[in-house]
Amino acid sequence: MMILKSKSKYDLESTLYSGQCFLWNPILSDNLQAHEIVLGGTRFRVQQLSDKIDAIYPLNITQNQSLILQNHLRVDDDLGYIYQSIESDKYLLSSFKKFEGLHLLRQDPWECLVTFICSSNNNMKRIKLMLNKLINSFDNTHTDSLGEYKTFPTPDQIIEAGEEHLRSLGFGYRAKYIFETSRIILYENIDLLKLRSQNYDDNLEQLTMFPGVGDKVANCVMLFSLDNLNAFPVDVWINRVLREIYLNDSKNKIADSRLRSHFQSYFGEYSGYINHYLFHSRRND
DNA sequence: CAGGTC
DNA sequence: GCTGG
C-alpha cells in the first residue's frame, strides 16, 4: 500500500473507464473497489483514496514499479493549468467542475493502436470484449502472488496466429487491419515508442500509413499513448458537441479532419485534454 | 445503430 | 461493411 503523489486531484473511476483505455478491470479486493491492469509485464492494482490513488499491488512495490504506474496514470499532469489554458466557456467550466480529476492515461502505443483499430464502427462494450478475447487467446500467462494473469500479444504472435485467428474471435473486417498492421511493424522493424513526444504531423503521417488507421484512430493513438496532447480525435460524440456548443450548425457538412484542425487551433496546445472532457461530458448527460 | 476506414 | 444488443 502506497499513496501515489499526484499534482492534482485524481478521479480514478472516471479516468480508467472514460473510453480511452479498455485494459483496466474493476476488481473487488477486501470488499473494496479496486482496479487492475498489466503494465510492462507486471500486474498492478490501485484504488481511490480520497483525492489520491492508493497502489495496493504489488504489495512491496519497488521504486521502478511505482514509476511505471505513475507514468501510466500521468499523475504529474497539472490539471489546474490545463483548465486555465483555454478561456473557458460555460460548457467547459461545468465539465471541468463535474469531472474534476479526470486524467488522460499514457498507454502502451501498440496496445493502444490495436484498441482503436478495433473501435471503428463499434461500441465500447464490444471493444472491451474483443480485447479480452484477444488477450486470452494467447498463452502469455504469468504468475504472481495473486495467481495467473496474461499479457497482451505482440505483433509477432498475431502474425503467427494468422488473420483467421482474429476473425474467429469476432474481429470481422478489423482482422485484416490488425494482421497487416502487425506485419508492417515487424517487417519494417517499427518501434512505436520512438514516436512518443515526436512532432504531431509526422506521427499522423506515420500512423495513417497503417491499414485501418485514419485521422480519428491516429489522433486517439497520439493522444492516449504518444504524448501528443494537441491531438484531437473527432468521433460522433465530439462531432455532436462541437456542432451543438461551438458552431451554430445543425447540419454537418464539414469534414472531420477540418473540424479537427480548426479546434486544435481554437483550444490550443492541450486541445486533446479538452477533447477528452468534452467527450466524457457529452456521453454522460 | 455503435467512438470510421478504404 | 463485421457483428452484437
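Quantities reported herein were computed from a predicted structural model and do not represent experimental measurements. Just so we're on the same page: letters track the sequence lines, and every chain starts at 1. We use all heavy atoms of the structure for the numbers below, so side chains are in, but hydrogens, waters and symmetry mates are not.
No donor-acceptor contact under 3.5 angstrom links the side chains of Tyr149(A) and Thr143(A), judged on distance only.
Helical stems in DNA chain C, defined as runs of 3 or more consecutive Watson-Crick or G-U wobble pairs with donor-acceptor distances under 3.5 Å: none found.
In Glu205(A), the CD atom is not crowded: 12 or fewer heavy atoms of neighbouring residues, nucleotides or ligands sit closer than 6.0 Å.
Residue Tyr173(A) contributes atom OH, which lies 11 Å from atom C1' of dC6(B) at whole-angstrom precision. Residue Phe224(A) contributes atom CZ, which lies 13 Å from atom P of dG3(B) at whole-angstrom precision. Regarding Leu242(A), its CG atom lies at a distance of 13 Å from the C1' atom of dG3(B), rounded to whole Å. Between Arg174(A) atom CZ and dC6(B) atom C1' the separation is 14 Å, expressed in whole Å. Arg260(A) has its CZ atom 21 Å from the P atom of dG3(B), to the nearest Å. Here the P atom of nucleotide dA2(B) and the CE atom of Met130(A) are 17 Å apart, to the nearest Å.
A donor-acceptor pair under 3.5 Å is formed between the side chain of Gln264(A) and the backbone N or O of Asn230(A).
At a threshold of 4.0 angstrom between heavy atoms, the contacts of Glu180(A) with the nucleic acid are absent. Ser18(A) comes within contact range of at least one nucleobase, with a heavy-atom separation under 4.0 Å. Arg240(A) comes within contact range of the sugar-phosphate backbone alone, with a heavy-atom separation under 4.0 Å but no base atom that close. Among the protein residues, Val217(A) comes within range of the sugar-phosphate backbone only, with heavy atoms under 4.0 Å from sugar or phosphate atoms but none that close to a base. At the heavy-atom level, Phe210(A) lies under 4.0 Å from the strands shown only through sugar-phosphate atoms. Within the nucleic acid shown, Arg283(A) has no heavy atom closer than 4.0 Å to any nucleic acid atom. Heavy atoms of Phe279(A) sit under 4.0 angstrom from at least one base atom.
Listed by first and then second residue, the side-chain hydrogen bond (donor to acceptor under 3.5 Å, both in side chains) pairs involving residues 91-102 of chain A are Ser95(A)-Ser281(A) (not counting sequence neighbours).
Under the 4.0 Å criterion applied to side-chain N and carboxylate O atoms, Asp256(A) and Lys216(A) are not assigned as salt-bridge partners. Using a cutoff of 4.0 Å between basic side-chain nitrogens and carboxylate oxygens, Asp76(A) and Lys7(A) are not scored as salt-bridged.
Within a heavy-atom distance below 4.0 Å of DNA chain B, the residues of residues 116-125 of chain A found are Ser119(A), Ser120(A), Asn121(A), Asn122(A), Asn123(A), Met124(A).
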Please report, to 0.1 Å, the donor-acceptor pairs under 3.5 Å made by any side chain of residues 179-186 of chain A, with sequence neighbours excluded.
unit_1	atom_1	unit_2	atom_2	d
Thr181(A)	OG1	Tyr177(A)	O	2.8
Thr181(A)	OG1	Pro211(A)	O	3.3
Ser182(A)	OG	Ile178(A)	O	2.7

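In this structure, the side-chain hydrogen bond (donor to acceptor under 3.5 Å, both in side chains) partners of His276(A), at least two apart in sequence or on a different chain, are Ser18(A). When the ring pair (Phe, Tyr, Trp, His ring centres under 6.0 Å) test is applied to Phe99(A), the partners found at least two apart in sequence or on another chain are His280(A).
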